Amino acid sequence: MALQAIKGFNDILPPATTTWRWVENTFHQLLSSYGFGEIRLPIMEYTELFSRSIGDDTDIVEKEMYTFSDRSNRSLTLRPEGTASVVRAFIQHGLAAAGDIHKLYYVGPMFRYERPQKGRYRQFYQLGAEVFGEEDYHQDAEILIMLARYFHVLGVRSAKLNLNSLGCEKCRPAYRQALQDFLRQHDGQLCTDCRRRLGKNPLRVLDCKRPDCRNIVAGAPKILDYLGADCRAHFDGVTRLLDGAGLDYQVNPLMVRGLDYYTRTTFEFLAGDLGAQNAVAAGGRYDRLVEELGGKATPAIGFAIGMERLTMLVDSASVPGSAPFIYLAALGEKALEMLYPLLHALNQEGIGTVLNYRQKSLKNLMKKADRIKVEYTLIVGDQEMEQGAAILRNMKTKEQQSIPLNTLFASIREVFNGHQNN
RNA sequence: GUGGGUAUAGCUCAGCUGGUUAGAGUGCAGGAUUGUGGCUCCUGAGGUCGAGGGUUCGAAUCCCUCUACCCACCCCA
């Protein structure tokens with residue numbers, strides 16, 4: 001059988017990588033401007049970190065992790081998400097003790113052993129960010145407005161914000177109890193999965209997709225009615241700021257998260273044209289996690305964006321081009337030898353330049369120049385070598401000018417600068 | 001883990017109820033235009049028809065097994 005990549009592990013080739021890089025660069029730029037610093041994390045952690053943070057009863061930990069033993073029999077896991085590692089690093093490096101607010105972001109691959117389908121792969125990339133030490137609802141809104149701006153800059157209009165609050169450790173138990181009591185009355189009508197969830201994690205019943213379950217859930221108590229005064233004020237603060245920013249969003253009291261650590265504000269950006277895996281970004285507050293993992297009690301909020309899903313929504317036509325500026329068309333050995341140093345000189349100057357090494361017809365070289373969408377083509381053949389002047393062709397206007405061979409570098413640089421200023 | 005679908009040229013796909021040299025578009029190479037791209041036209045190269053087995057005079061086509069990919073469930077970014 002022919003060699004191929006592992007199931008669910010994909011190569012990303014040009015021109016898709018052009019989109020990826022633009023999406024990443026835009027993210028770096030945006031997050032930096034909001035005062036976030038980049039954190040680079042290991043790809044593996046001790047398994048315990050994930051079981052303790054994500055939750056032992058979650059699907060991710062129960063059946064979706066790449067876990068194996070190293071040579072000294074420690075259980076290691078390829079990270080299935082980024083937040084756990086950021087929190088671990090935050091505690092390990094004493095950032096909590098340093099006090100103040102810490103804003104961190106990361107970009108990189110995550111791994112989950114799931115059956116691949118549209119928008120879901122075993123190695124997938126996330127763009128994520130976390131803010132530690134700020135409990136104020138302004139921070140929640142900042143992140144949501146920043147994300148909306150990000151999608152706007154990328155030309156992604158279809159991502160719709162869904163918002164909810166899961167309350168805190170004070171108000172959630174009461175809600176959980178009320179929900180459980182309600183669901184128990186309708187036990188018989190729930191699907192087998194939901195009956196199982198009922199005991200351990202009743203909130204997960206809320207986002208079951210089966211019509212029967214949805215019907216029952218429609219009449220269930222709503223978390224938003226059970227929020228304590230502080231959580232209520234926090235949530236109202238967030239929605240007030242979103243309204244003020246003119247951000248479109250929908251409050252969805254049925255939205256819960258698959259990871260156990262979330263509290264208060266939770267959100268998802270959903271896009272219709274992504275197929276079944278329609279969440280392009282999601283996140284929320286997790287005010288208890290730092291303490292639960294052994295750090296000093298620190299409020300926190302974060303999000304993660306699915307890179308593959310996001311790039312599916314980005315129109316490749318809106319990605320800024322990065323084609324070389326000039327194609328050097330060398331006709332004959334002498335021309336090639338003369339132009340070769342110019343290739344490097346121009347590129348060193350930041351002027352994107354490519355040169356052909358094979359001897360082809362001018363027609364063929366022009367065709368290649370056209371394909372890679374350069375602005376100019378420089379033609380040098382025997383005639384030009386004899387006359388001491390090359391032909392510079394503007395590929396858009398088709399205008400051609402003669403340039404003395406001994407001023408090629410300076411002339412091209414001048415044309416390039418003129419082009420930049422337009 | 002459970003369903004369903006697909007697998008033919010580098011890429012996207014056609015190939016009717018089995019029939020002899022397996023096609024198209026696109027891309028690639030050359031030409032029409034002896035040194036000027038995009039449009040048009042012509043020519044050419046490029047295929048173990050996913051793998052293995054079976055039925056048959058004859059299989060890309062029918063049957064079985066396997067593998068891979070895709071979509072969906074579950075779950076999630």
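Each chain gets a letter, A, B and so on, in the order the sequences are listed, and its residues count up from 1. Keep in mind that what you see is a predicted model, and the values were worked out from it rather than measured.
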TODO: Could you measure between the two P atoms, the one in G23(B) and the one in C16(B), and give it in whole Å?
DONE: 14 Å

TODO: Compute the centroid of each ring, for Phe132(A) and then for Phe90(A), and state whether the two points are separated by less than 6.0 Å.
DONE: yes

- [ ] On RNA chain B, check which nucleotide each of Ile379(A) and Gly275(A) is closest to and give me the residue with the more 5' one.
- [x] Ile379(A)

Open item on the list: Would you measure the distance from the P atom in G44(B) across to the matching atom in U61(B) and give it in whole Å?
Closed with: 29 Å

Task: Residue closer to the 5' end of RNA chain B, Phe124(A) versus Lys63(A) (nearest nucleotide) - done: Lys63(A)

TODO: Quote, to the nearest angstrom, the C1' distance that separates A22(B) from A60(B).
DONE: 8 Å

Open item on the list: Does Arg79(A) qualify as a cation-pi partner of Phe111(A), given the criterion of NZ or CZ under 6.0 Å from the six-membered ring centre and within 45 degrees of its axis?
Closed with: no

Task: Gap between atoms CD and C1', on Gln401(A) and U36(B) respectively (whole Å) - done: 16 Å

- [ ] Using atom CZ of Arg115(A) as one end and atom P of A68(B) as the other, report the distance to the nearest whole Å.
- [x] 10 Å

- [ ] Would you check if there is a donor-acceptor pair between the side chains of Gln139(A) and Glu142(A) at a distance under 3.5 Å?
- [x] yes

TODO: Please map the stems of RNA chain B, keeping only stretches of three or more Watson-Crick or G-U wobble pairs with both distances under 3.5 angstrom.
DONE: B:1-7 with B:67-73, B:10-13 with B:23-26, B:28-32 with B:40-44, B:50-54 with B:62-66

Below 3.5 Å between N/O atoms, which protein atoms pair up with nucleotides 37-45 of chain B? Just atom names and distances, please.
residue : atom : partner   : partner atom : Å
G37(B)  : O2'  : Asp370(A) : OD2          : 3.2
G37(B)  : N7   : Arg393(A) : NH2          : 3.0
G37(B)  : O6   : Arg393(A) : NE           : 3.4
G37(B)  : O6   : Arg393(A) : NH2          : 2.7
G37(B)  : O6   : Met395(A) : O            : 3.2
G37(B)  : N1   : Met395(A) : O            : 2.4
G37(B)  : N2   : Asp370(A) : OD1          : 3.0
G37(B)  : N2   : Met395(A) : O            : 3.3
G37(B)  : N3   : Asp370(A) : OD1          : 3.2
G38(B)  : O4'  : Asp370(A) : OD2          : 3.2
G38(B)  : O6   : Lys398(A) : NZ           : 2.9

Task: Nearest-angstrom distance, P atom, G38(B) to G50(B) - done: 36 Å

Task: Closest approach of Thr77(A) to Met65(A) (non-hydrogen atoms, all atoms of both residues) - done: CG2-SD, 3.7 Å

Open item on the list: For the CD atom on Glu414(A), are there more than 12 heavy atoms of other groups (residues, nucleotides or ligands in this structure) within a distance under 6.0 Å?
Closed with: no

Task: Those residues of residues 298-308 of chain A lying under 4.0 Å from RNA chain B by at least one heavy atom - done: Ala304(A), Gly306(A)

Open item on the list: Between G52(B) and A68(B), how many Å separate the two C1' atoms, rounded to a whole number?
Closed with: 15 Å

- [ ] Please lay out, stage by stage, how Glu292(A) and Tyr261(A) fare under the test side-chain hydrogen bond (donor to acceptor under 3.5 Å, both in side chains).
- [x] CA-CA 9 Å; Glu292(A) 277 168 20; Tyr261(A) 51 64; over 6 Å; no

Open item on the list: So if I take every side-chain heavy atom of Ala282(A) and compare against G35(B), G1(B), A77(B), which nucleotide ends up nearest?
Closed with: A77(B)

- [ ] Provide, to the nearest angstrom, the distance between the CD atom belonging to Glu64(A) and the C1' atom belonging to C74(B).
- [x] 9 Å

Task: The single option from Asp287(A), Thr239(A), Asp140(A), Asn164(A) passing side chain to side chain donor-acceptor pair (under 3.5 Å) against Thr265(A) - done: Asp140(A)

Open item on the list: Measure CZ/Arg358(A) against P/G30(B) and give the value in whole Å, please.
Closed with: 10 Å

TODO: Taking atom C1' in both U20(B) and U56(B), compute the distance separating them and give it to the nearest angstrom.
DONE: 15 Å

- [ ] Tell me which nucleotide among G1(B), G35(B), C74(B) gets nearest to the side chain of Ile391(A).
- [x] G35(B)

TODO: Name the nucleic acid region contacted by Lys360(A), choosing base, sugar-phosphate or nothing; use a 4.0 angstrom heavy-atom cut-off, strictly under.
DONE: sugar-phosphate

Open item on the list: What's the closest nucleotide to the side chain of Asp382(A) if the choices are C69(B), G35(B), A72(B)?
Closed with: G35(B)

Task: Approximate separation, where rounding is to 0.5 Å, of Thr353(A) OG1 and Ile412(A) CD1 - done: 7.0 Å

Task: Min side-chain heavy-atom separation Tyr66(A)-Leu76(A) under 4.5 Å - done: no

- [ ] In whole angstrom, give the distance that lies between atom CG of Asp11(A) and atom C1' of G10(B).
- [x] 16 Å

- [ ] Tell me what Glu81(A) touches on the nucleic acid: a base, only sugar-phosphate, or nothing, going by heavy atoms under 4.0 Å.
- [x] nothing

Open item on the list: In this structure, is the centre-to-centre distance between the rings of Tyr376(A) and Phe325(A) below 6.0 Å?
Closed with: yes

Task: Nearest listed nucleotide, side chain of Lys118(A), among A72(B), A77(B), G35(B) - done: A72(B)

Open item on the list: Rounded to whole Å, please give me the gap between CZ in Arg120(A) and P in C70(B).
Closed with: 12 Å

Task: Spacing of the C1' atoms in C49(B) and A14(B) (rounded, Å) - done: 13 Å

Open item on the list: With ring pair (Phe, Tyr, Trp, His ring centres under 6.0 Å) as the criterion, how do Phe27(A) and Tyr105(A) come out once you've worked through the C-alpha distance, each side chain's angles and the decisive distance to 0.1 Å?
Closed with: CA-CA 9 Å; Phe27(A) 189 73; Tyr105(A) 78 93; 5.7 Å; yes

Task: Interatomic distance where CG belongs to Asp59(A) and P belongs to A77(B) [whole Å] - done: 12 Å

Open item on the list: Counting only heavy atoms from other residues, nucleotides and ligands, does the tally under 6.0 Å from NE2 of His28(A) exceed 12?
Closed with: yes

Task: P spacing across the pair C69(B) / C74(B), given as an integer number of angstrom - done: 23 Å

TODO: Ignoring hydrogens and angles, state whether a donor on the side chain of Gln123(A) or Tyr125(A) is under 3.5 Å from an acceptor on the partner side chain.
DONE: yes

Task: Separation of C74(B) P from Arg122(A) CZ (nearest whole Å) - done: 18 Å

